[in-house]
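Every heavy atom of this structure was used, including side-chain atoms; hydrogens, water molecules and symmetry mates were not.
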Amino acid sequence: MHAAPAAPGRSGAAGPRTLCGKDTFAMEKARRMSAEEPANPWYPPEYASQVCPDCAAVVET
């Protein structure tokens, strides 16, 4: 599970690179999680074991 910023001018589309620098072209989009709810993680709970540690470090700062 990687995190990517929104594409410029397109809030519903992922940008070209994840926060850890991987290309998002062939990645599947997961359901959107709210970053404004600190009690909930930024990723869907079923993917907890597959979270990229580099992306997580950026999101959690």
Side-chain angles (χ1 to χ4, degrees):
M1 172 65 62
H2 292 277
R10 298 180 56 206
S11 63
R17 298 255 176 230
T18 64
L19 296 176
C20 68
K22 295 194 182 308
D23 188 345
T24 62
F25 176 74
M27 291 185 179
E28 183 178 325
K29 186 176 178 181
R31 72 179 189 270
R32 185 177 177 152
M33 303 299 290
S34 174
E36 296 178 11
E37 296 179 32
N40 295 327
W42 58 269
Y43 50 86
E46 62 268 22
Y47 294 109
S49 66
Q50 300 171 3
V51 172
C52 169
D54 294 330
C55 286
V58 175
V59 171
E60 294 169 1
T61 56

Enquirer: Do M27 and W42 belong together in a cluster built from hydrophobic side chains that touch within less than 4.5 Å?
Expert: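 Per the 4.5 Å side-chain linkage, M27 and W42 are not co-clustered.
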
Enquirer: Using the test side-chain hydrogen bond (donor to acceptor under 3.5 Å, both in side chains), find all partners of E46 that sit at least two apart in sequence or belong to another chain.
Expert: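 If we apply the side-chain hydrogen bond (donor to acceptor under 3.5 Å, both in side chains) test to E46, skipping adjacent residues, the hits are R31.
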
Enquirer: Shortest non-hydrogen contact from R17 to T24?
Expert: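 In terms of heavy atoms, the two residues are closest at C-CG2, 3.7 Å.
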
Enquirer: What heavy-atom pair brings P44 and M1 nearest, and what distance separates the two atoms?
Expert: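 Closest approach of P44 to M1: CD-CE, 3.7 Å.
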
Enquirer: With rounding to the nearest 0.5 Å, note down the distance linking SG in C52 to OH in Y47.
Expert: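 If I round to the nearest 0.5 Å, the distance is 15.5 Å.
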
Enquirer: On a heavy-atom basis, which atom in H2 and which in C55 lie closest, and how many Å separate them?
Expert: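 Closest heavy-atom pair between H2 and C55: ND1-SG, 3.6 Å.
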
